[in-house]
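Take a look at the structure below.
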Amino acid sequence: MSKLRKVHVKSFGCQMNVYDSNRMADTLAGAGFSETAEASDADLVVLNTCNIREKAVDKLYSEIGRIRVMKEEAAAQGRQVLIAVAGCVAQAEGREIIRRAGAVDVVVGSQNYHRLPAMIARAQGGERIVDTEFPVEDKFDALAAPAPEAIAKRGISAFVTVQEGCDKFCTFCVVPYTRGAEISRPVEKIATEVVRLASAGVREVTLIGQNVNAYHGQGADGRPSTLGQLLRRLAQVPGIVRLRYTTSHPRDMNDDLIAAHGDLPALMPYVHLPVQSGSDRMLAAMNRRHTRKDYLDVIERLRATRGDLAFTSDFIVGFPGETDADFRATLSLLDEVGFAGAYTFAYSPRPGTPAAEMEGQVPAAVSTERLHRLQAEIAEAQRRFNASFVGRTVEVLLEKPGKLPGQLVGRTPYLQTVQVMARPKLIGSLVPVAITDIGTNTLFGALAQQAEMPALATAGA
Ligand code: SAM
Ligand code: SF4
């Protein structure tokens, strides 16, 4: 009966949503949907949402408004367009979404994507469906694997979710409520997925999870495996030349993972390690379960293992009760660590989280002013970090064509983008690039002689 053919999946928020969006598209492909990059072209629009900050929720409702117009225009021409809302807003708000935005047909929580084809079939018959239960079956087992063509289309760098959910309950954060308790996928299931990606041309894999270094999936011997052990296993997959992982919690940075940075050439010397604040008072109020000193100790242990490691972080300013002195402690932490970059956020109260009820909510004007000061310092730190590469030769993984004819874009081990003139057939290759200049968000370079590189990193310990 189905005339539905094209699906447009739009992702908001983090890399975990990008991964989920791909897996939803793979699963819908099995039900006869092909992916389209244009919402206007689609018979089914899936909005994969994020509710980490309030702005993200506002964005969703304005996006629904835009698609509702398309839906109405299509209906006037006798064509049915369905709208599905997935992800963390769907999980948190459930039926409220349909109440507030009547154009929405399906609301599907983050653990139920595998049921999407059945829900869509019912929605075609006019039913409104809300499914935000935490199911007993494993969604990863039930989701379809991507076809080789779909993998190739997504490029040579892929995300793989290895862990989901969070048991940490930072007082500002909705993740433990929307993604649920921490679960880890078994090592061999992840390895099978990575082998499949590699055989379709993927060269770099980033392991993702809300708390990725709390990973404790079942190993081949039936015992829980650490993230370090998982990385060692994946470093053996032929074709995978770079491994990364994100996002980590300072408390879960264990000895085994730190040692992996010393042992695995394929593991990139770059760690994103959110700290949120440099003030112990704020860290306690945030329930981060670590102090400033604990954080600095982790950085020191990592640097002792691999001297060329670079760090980025997440910061929240304007958390309830934050004083000027607390904020100055955050600024001084920047100097002490020497970050290569960071994401910065003004605290956004999330309903249902303890911090939303705390006294001492900081006025928006104060948060904004602190945010701008922090961002200026971080931008300068990032510029200095990038400038330190001029005159050096670095290994670049070439990813895709650049804006100019004959140009390719790649990434350094530190995730900086590099623009370089090179032949398209080098996409997917690791090449030495002599860095000649920096722009606002990118490095510029020229292909160097292979001989100039001391050693090209390859997978394996
Ligand atoms: N699990 C990671 C960690 O331990 O920090 C981060 C997960 S969260 C998806 C990404 C970032 O969003 C956090 O590190 C934090 O800086 C920011 N964030 C989370 N909740 C927030 C809130 N209510 N207001 C502002 N920023 C928030
Ligand atoms: Fe949220 Fe990260 Fe804290 Fe978990 S550890 S509650 S995901 S900020």
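As the structure lists them, so they are numbered: ligands from 1, and atoms in each ligand from 1. These numbers were taken from a predicted model, which means no experiment stands behind them.
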- Can R292 be said to sit on top of Y295's aromatic six-ring, NZ or CZ under 6.0 Å from centre and within 45° of the ring axis? no
- Test: R100 cationic atom under 6.0 Å from Y61 six-membered ring centre, within 45° of axis: yes
Nearest-neighbour protein heavy atom for [atom], which is reported as residue plus atom name and distance:
atom                    : result
atom 15 (C) of ligand 1 : Q276 OE1, 3.4 Å
atom 27 (C) of ligand 1 : I316 CD1, 3.6 Å
atom 12 (O) of ligand 1 : R53 NH1, 3.4 Å
atom 9 (C) of ligand 1  : I52 CD1, 3.5 Å
atom 11 (C) of ligand 1 : D314 OD2, 3.3 Å
atom 26 (N) of ligand 1 : F345 CB, 3.5 Å

- Message: Looking at every heavy atom in both L28 and V46, which two are closest together, and how far apart are they?
- Response: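 Closest pair (atom of L28, atom of V46, distance): CD1-CG2, 4.4 Å.
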- Distance flag, aromatic centroids of Y245 and H261, threshold under 6.0 Å: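 Yes - the distance between ring centres of H261 and Y245 falls below the 6.0 Å cut-off.
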- F345-F172 aromatic ring centre distance below 6.0 Å: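 No: the rings miss the under 6.0 Å criterion.
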- Message: Yes or no, since that's all I need: does a protein heavy atom fall within a distance strictly under 4.0 Å of atom 22 (C) of ligand 1?
- Response: yes
- Query: So do the side chains of V108 and R115 get within less than 4.5 Å of each other, counting heavy atoms only?
  - Reply: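 No. Closest side-chain heavy atoms not under 4.5 Å.
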- Item | Side-chain heavy-atom pair H216, T226 within 4.5 angstrom cut-off | no
Distance-only side-chain donor-acceptor flag, [X] / [Y], under 3.5 Å:
X    : Y    : value
T312 : Y270 : yes
H272 : D314 : yes
Q416 : N386 : yes
E54  : S348 : no

- Message: Under 4.0 Å between a side-chain nitrogen and a carboxylate oxygen: does that hold for E300 and R303?
- Response: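 No, no charged N to carboxylate O under 4.0 Å.
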I'd like a table of donor-acceptor pairs (distance under 3.5 Å, sequence neighbours excluded) in which one partner is a side-chain atom from residues 159-171, with atom names and distances.
{"from": "Q163", "atom 1": "OE1", "to": "Q210", "atom 2": "N", "distance (Å)": "3.1"}
{"from": "Q163", "atom 1": "OE1", "to": "N211", "atom 2": "N", "distance (Å)": "3.0"}
{"from": "Q163", "atom 1": "NE2", "to": "G165", "atom 2": "O", "distance (Å)": "2.8"}
{"from": "E164", "atom 1": "OE1", "to": "K139", "atom 2": "NZ", "distance (Å)": "3.3"}
{"from": "E164", "atom 1": "OE2", "to": "K139", "atom 2": "NZ", "distance (Å)": "3.0"}
{"from": "E164", "atom 1": "OE2", "to": "R179", "atom 2": "NH1", "distance (Å)": "2.6"}
{"from": "D167", "atom 1": "OD1", "to": "E182", "atom 2": "N", "distance (Å)": "3.0"}
{"from": "K168", "atom 1": "NZ", "to": "D252", "atom 2": "OD2", "distance (Å)": "2.7"}
{"from": "T171", "atom 1": "OG1", "to": "A285", "atom 2": "O", "distance (Å)": "2.8"}

Below a 4.0 angstrom heavy-atom separation, can you tell me which part of [X], side chain or backbone, both or neither, approaches ligand 1?
X    : value
A346 : backbone
T247 : side chain
F172 : both
P274 : side chain

- Atoms of ligand 1 close to H249 [distance to a heavy atom under 4.0 angstrom, numbered from 1]: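 Reading through ligand 1 atom by atom, the close ones are 4 (O).
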- Of R288, K168, Q210, which has the heavy atom at the shortest distance from atom 4 (O) of ligand 1? R288
- Item | ligand 1 N/O within reach of S348 N/O, cut-off under 3.5 Å |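 N/O-N/O distance below 3.5 Å exists for this pair.
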- Under a 4.0 Å heavy-atom cut-off, what residues line ligand 2? C166, K168, F169, C170, F172, C173, V175, P176, N211, H249, R288
